[in-house]
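Here's the structure, in structure tokens; my notes come after.
All values below come from the heavy atoms of this structure, side chains included, with hydrogens, waters and symmetry mates left out. Quantities reported herein were computed from a predicted structural model and do not represent experimental measurements. In listed order, ligands and their atoms are each counted from 1.
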Amino acid sequence: MNQRASNLPPRAQRFEPYQVERLRQAFPILAQRIYGKPLVYLDSAATSQKPQAVIEAMSRFFLEENANVHRGVHYLSLRATEAYEQARIKVQRFLNAGHAEEIVFVRGTTEAVNLVAQTYGKTHVRAGDEVLISAMEHHSNIVPWQMLCEQTGARLRVAPIDDAGELLLDELERLIGPKTRLLAVTHVSNVLGTVNPIRRIVELAHARGAAVLVDGAQAAPHLKLDVRALGCDFYALSGHKMYGPTGIGALYGRRELLEAMPPYQGGGDMILSVSFDETLYAKPPQRFEAGTPNMVGAIGLGAAVDFLAGLDAGALAAHEQAVLAYAQQALAALPGLRLIGTAADKVGVLSFVLDGVHPHDIGTILDREGIAIRTGHHCAQPLMQRYGLAATARASLGCYSSEQDIDALLAGLVKVREVFR
Ligand code: PLP
């Protein structure tokens, strides 16, 4: 066996049929006790926990492969470059993109949206044009468009939602006019859990000549993705929400769009040649990856994609939906509790408010029980305003979440009720 082959990472571990207890063992952090109580991690929408396979792939990179990519002629640099580009191919397959060159490594969803706003946006959006978003966007799919509109004199428009947290498609359609250059919408809401009908939205936008960017930060850990079936022009995701590391994410862009876009940042690795008179830029994706990239992050993201591929997607979805249904039923039965986000198509994100109790107090009391949830505005202040709220408590599920986690949450909430009786 040659040395190269013996150093290849092991085949992705498979978890079939879906056994949540076995799967939890793949996440070392979950075995911890917090304040002497078993950790109940219900904050996966903020960031997911990492399986051993991701941790090992990243430490293996530092132990055996670390060197700068795309630069050296020496063995380690070639090996690191191969690992980095393999990770790109893994992300391409995960998204079912047609070409590896359509995958740009970025810091995460936030950077992906900013990249598109400042490149595609700057070259396609002019004074008087419109950019359309929805009322359920995360700040990272609002502020970059506001900045673009300020810079260009374009107008930001917002498609409304109903009380259940579903997009009003008729209203959205009405808002896509001849001036709409771009529609930026989340695939899954981080507050409501709503899954938006992206394919239909893309059809509506494309029929009127508007490009579509999809924020996939919350979809990637839950849904089987296929950018070609969705038909979108851009798709953004964050590694850390999908069992990978922080500081790495991916932007998918249709090849012809990326090829026509100017660079985002200037520096090393994004050029063909530089002189003081003229610089020629590299083709995508390198054109958009200035400077030394987050190599180990990309390796970790590739391992996370392998991890997800090792799960039976149908069984994972069925498990998450079963835990979600169990949680919704249990929470709705608690006196004074109101669920925010009751769309028919949703994933395991449960936002709620409890009469007479501030969400931060809920979070603090649950924390002492070893239960981690998120409280606050969830970087979606306009959405909070839509519901007349300053904050909610949010429990969010991952592939490792179980009905026992929900039982613990419920017991914790009963304690909260007793404190604030
Ligand atoms: N979009 C959504 C729907 C999110 O939930 C988040 C993070 O919570 C983001 C975008 C931003 O992701 P990141 O902070 O990884 O760039």
*Do F105 and F288 have ring centroids that are under 6.0 Å from one another?*
no
How close does the nearest protein non-hydrogen atom get to [atom], and which residue and atom is it?
{"atom": "atom 5 (O) of ligand 1", "answer": "Q218 NE2, 2.7 Å"}
{"atom": "atom 4 (C) of ligand 1", "answer": "H138 CD2, 3.3 Å"}
{"atom": "atom 14 (O) of ligand 1", "answer": "T110 OG1, 3.6 Å"}

*Counting from 1, what ligand 1 atoms have a heavy atom of S238 closer than 4.0 Å?*
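Result: 12 (O), 13 (P), 15 (O), 16 (O).
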*Assess D215 for proximity to ligand 1: is some non-hydrogen atom of it under 4.0 Å away?*
yes
*Could you establish whether K241 and ligand 1 come within less than 4.0 Å of each other, counting only heavy atoms on the residue side?*
yes
Check whether [X] reaches the backbone of [Y] with its side chain - one donor and one acceptor, N or O, closer than 3.5 Å.
{"X": "T194", "Y": "S189", "result": "no"}
{"X": "K50", "Y": "S48", "result": "yes"}
{"X": "R417", "Y": "G336", "result": "no"}

*Could you walk me through whether H187 and H222 pass the ring pair (Phe, Tyr, Trp, His ring centres under 6.0 Å) test, one step at a time?*
CA-CA 11 Å; H187 199 167; H222 298 289; over 10 Å; no
_I'd like the name of whichever of G216, S140, A46 reaches closest to atom 9 (C) of ligand 1 through any heavy atom._
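When every heavy atom of G216, S140, A46 is considered, S140 comes closest to atom 9 (C) of ligand 1.
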*asked:* Under 3.5 Å, is there a donor on one side chain and an acceptor on the other for S401 and Y41?
replied: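 Y41 and S401 do not have a side-chain donor-acceptor pair below 3.5 Å.
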*Between H240 and ligand 1, find which residue part has any heavy-atom pair under 4.0 Å and reply side chain, backbone, both or neither.*
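Answer for H240: side chain.
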*Give the contacting part of T186 toward ligand 1: side chain, backbone, both or neither, where contact means a heavy-atom distance below 4.0 Å.*
side chain
*asked:* Is it the case that ligand 1 has an N or O less than 3.5 angstrom from some N or O of E111?
replied: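 In this structure, E111 places no N or O atom under 3.5 Å from an N or O of ligand 1.
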*asked:* Looking at Y35, I'd like to know if the NZ or CZ of R368 sits under 6.0 Å from its six-membered ring centre while staying within 45 degrees of the ring's axis.
replied: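 Yes, R368 sits over the ring of Y35.
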